[in-house]
2 protein chains.
Amino acid sequence: MAETVLRAYGDWANVTKVIIDDVAAEAGVSIKTVSRVMNREPNVRPATRQKVEEAAKRLGYRPNASARGLAGNRSYLIALLYDSPSAAYLTNLQSGVLAATQAENYGMVLQPCQYDDPHLADKILTTIRDARLDGVVLTPPLSDHRGLIDSLVDAGIPHVIVSPPATYMETSGGLCVYVDDKAAAQEMTAYILGTGLTRIAFIKGTPTHGAALQRFDGYKDALKAAGLDLDPELVKQGYFDFESGVKAAEELLALPQPPSAIFASNDEMAAGVLHVAHERGLKVPDDVSVVGFDDTPLSRQIWPALTTVRQPIRQMGGCAARMLISRIRQSGDAASTALPYELVIRHSTGGPK
Amino acid sequence: MAETVLRAYGDWANVTKVIIDDVAAEAGVSIKTVSRVMNREPNVRPATRQKVEEAAKRLGYRPNASARGLAGNRSYLIALLYDSPSAAYLTNLQSGVLAATQAENYGMVLQPCQYDDPHLADKILTTIRDARLDGVVLTPPLSDHRGLIDSLVDAGIPHVIVSPPATYMETSGGLCVYVDDKAAAQEMTAYILGTGLTRIAFIKGTPTHGAALQRFDGYKDALKAAGLDLDPELVKQGYFDFESGVKAAEELLALPQPPSAIFASNDEMAAGVLHVAHERGLKVPDDVSVVGFDDTPLSRQIWPALTTVRQPIRQMGGCAARMLISRIRQSGDAASTALPYELVIRHSTGGPK
DNA sequence: CTGAAAGCGCTTACAG
DNA sequence: CTGAAAGCGCTTACAG
């Protein structure tokens, strides 16, 4: 009979409800000790810790997030802050953040932002306070917003940025997760040179993105290392979107002496280059090689498939979340981390595949 | 001096802290009445409601989510459930859900799922219980997972699905947000016929997706309306991904009598078709017209730009969230809603642009 | 290294 | 239509 009652509509939620007192009783300790173990606090004897962990597992205990938040005057939530990144970038990053976050008994919330908003920092600080957020992860271009980061530092809000470290961050102890964009761009440029092409154009990314500058630096370094001069005519300003790739390519390919290769600093702009090449009846890579950066799904879905640089976006998200939570807990030794990139050679360049 | 103290590191969070008692005092009512207003409960005199709303606004009051959750034994959170949709689809939908959710004093959490997991329903029910989720919105293909939906109904969990309504839902009072996929596919097929092409192939989507079936039905209806017979040779099974589009196109274009147009039931597969056409040196749309469905950013970034069907994904997310919250509050009259689609004619077909 | 007491800011259940 | 009391399940601040 009892079973019937339990299975009735709406009663499903009452089937079990394990609270901290149950775990404390099961483990033979106080609730405060259970609390210490669940929050990975130090100063618990290993034997006690294990006893509690086993009891919690046996009972299927899940701490009540609301109670934790109310008592602690915080949310156990971290926010992912973004301003219209590409869909692929955002979903990959958030998937990494989410997984790491859940593993640590934290939650993740999403917060769209507007880089250009003059009150950006105030608004974000208000949101953080209202929602009692424990910390934030900043993605490009917010990760390069000096005013915002300064506000976060002033307010003592734990944060991690997904971007190469800016010089001013070194003194503030800011945490970064990134890929060595400069080295990657240098290596890719060297690869193109290795296919026998020397007249290589470059489409820069949004100037406010730290990574955009790094990539351009890598390109220049590779040219210099090969003893080549940089031809200013071959460098165009883009904004990491398809349209600016189209515009840059139109200018580049209309040159009296057009480039034999175009290195766009992300895949979307490279797709724009391909678009223009096709319109002009140019063969890729026979007439012109094209290279991107990011290895988004797009790079496989356009034709020909794009040679590009792969960043481990999902891992970067997980790493950022773990570093942030470690800092929130003031445990351990979180330090800025560079993750490995990888050159992906496909069919838009002429070298060996 | 006080200001100095308040602006010190870490003290920033203490600048203001308005709680329900402050609002009650300001408005001259009890905290229970404030609570009623904040939760949009009925049975509050309009004058009282307004008094409270003004007091709350004046003080900048934001209810403490943790306290609400603890006292109410629920989270005021809705979850967006998904299983690897395209990145563009997910970010658009979640952006709509998020905006609607915040406007109603609710929060949104993300929950990746695995359609094929035999314990899917149990796992989701456990998550819902552990996190005290108030409701869930299901995206394809989860929205077409009969077992999952039945479990939700049995457990009395409020839910909304983003998918055309299945017949069995009508009796259960299930809520759907969708676009009339069948009518859209029919209209698009008619458009292709209108450009003078009659040998139109169709690449079907994942069979478990309700929308995939609807689209195929629309294609068949348009053929029939034009007095044309369906040629089984011209219908291929795809799975909504690039690779299956490639495979289907290879078979189709190798036919002794290849189609003059290919209607892929989403953009990703259409990108696969374009890829194969380019490899074979076929001109699009001169040699073969290609059509997609969804109007993802991809459709503008491939070459030639794709003729496709636009769904208002973001609005669908907002609508789903509002319907769900209305059902959670048991207020009003939420009903399944069809949103308008739109044909987007670009350069992969031969008719007037 | 561990625990007993108080309290976080709301909603529920009840009363009127 | 409105309100007074109790309590949700944790963490904090303190004690030892």
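Chain identifiers are assigned alphabetically (A, B, ...) following the order of the sequence lines, protein sequences preceding nucleic acid strands; residue numbering begins at 1 within each chain.
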Closest to side chain of B/Val29, choosing from C/dG3, C/dT2, D/dG3
D/dG3
Any salt bridge linking B/Arg329 with B/Glu41? Criterion: basic side-chain nitrogen under 4.0 Å from a carboxylate oxygen.
no
Looking at residues 48-59 of chain B, who's got a heavy atom less than 4.0 Å off DNA chain C?
none
Sequence neighbours left out, what passes side chain to side chain contact (heavy atoms under 4.5 Å, CB included) with A/Asp21? Give chain and number order.
A/Ile19, A/Ile31
According to side-chain hydrogen bond (donor to acceptor under 3.5 Å, both in side chains), who are the partners of A/Gln114, at least two apart in sequence or on a separate chain?
none
Please tabulate, for side-chain N and O atoms in residues 313-324 of chain A, each donor-acceptor pair with protein atoms closer than 3.5 Å (sequence neighbours left out).
{"residue": "A/Arg314", "atom": "NE", "partner": "A/Ser95", "partner atom": "OG", "Å": "2.5"}
{"residue": "A/Arg314", "atom": "NH2", "partner": "A/Ser95", "partner atom": "OG", "Å": "3.2"}

Bracket notation of DNA chain D in which parentheses pair within the strand, [ ] cross earlier pairs, and | pairs with another strand (Watson-Crick or G-U, under 3.5 Å):
|||.||||||||.|||
Phosphate oxygens OP1/OP2 of C/dC10: is one of them under 4.0 Å from a side-chain N or O of B/Ser35?
no
Strictly below 4.0 Å: does A/Thr33 bring a side-chain N or O up to OP1 or OP2 of C/dG3?
yes
Please list, pair by pair, any protein nitrogen or oxygen found under 3.5 Å from a nitrogen or oxygen in nucleotides 5-9 of chain D.
{"residue": "D/dC8", "atom": "O2", "partner": "B/Ala71", "partner atom": "N", "Å": "3.4"}

Go through the structure and list residues passing side-chain hydrogen bond (donor to acceptor under 3.5 Å, both in side chains) with B/Gln102, not counting sequence neighbours.
none
CD of A/Glu41 versus C1' of C/dT2: gap in Å, rounded?
12 Å
Taking ring-ring contact (aromatic ring centres under 6.0 Å, His included) as the cut-off, I'd like each qualifying pair that reaches into residues 114-135 of chain B, sequence neighbours left out, listed once.
B/Tyr115-B/His145
Results of side-chain hydrogen bond (donor to acceptor under 3.5 Å, both in side chains) for B/Glu54 - residues two or more places apart only:
B/Gln50
Hey, does the side chain of A/Arg45 come within less than 4.0 Å of C/dT2's phosphate (OP1/OP2), counting only N and O?
yes
Who pairs with B/Ser75 by side-chain hydrogen bond (donor to acceptor under 3.5 Å, both in side chains), at least two apart in sequence or on another chain?
none
Between side-chain atoms of residues 56-63 of chain A and protein atoms elsewhere (two or more places apart, or another chain), which donor-acceptor pairs fall under 3.5 Å?
{"residue": "A/Arg58", "atom": "NE", "partner": "A/Glu26", "partner atom": "OE2", "Å": "2.8"}
{"residue": "A/Arg58", "atom": "NH2", "partner": "A/Glu26", "partner atom": "OE2", "Å": "3.1"}

Non-neighbouring partners of A/Ser163 that pass side chain to side chain contact (heavy atoms under 4.5 Å, CB included), sequence neighbours left out
A/Ser143, A/Asp144, A/Ile161
If only side-chain N and O atoms count, and only distance matters, is there a donor-acceptor pair under 3.5 Å linking A/Arg68 with A/Asn39?
yes
Can you tell me how far P of C/dC10 sits from CG of B/Asn39, to the nearest Å?
11 Å
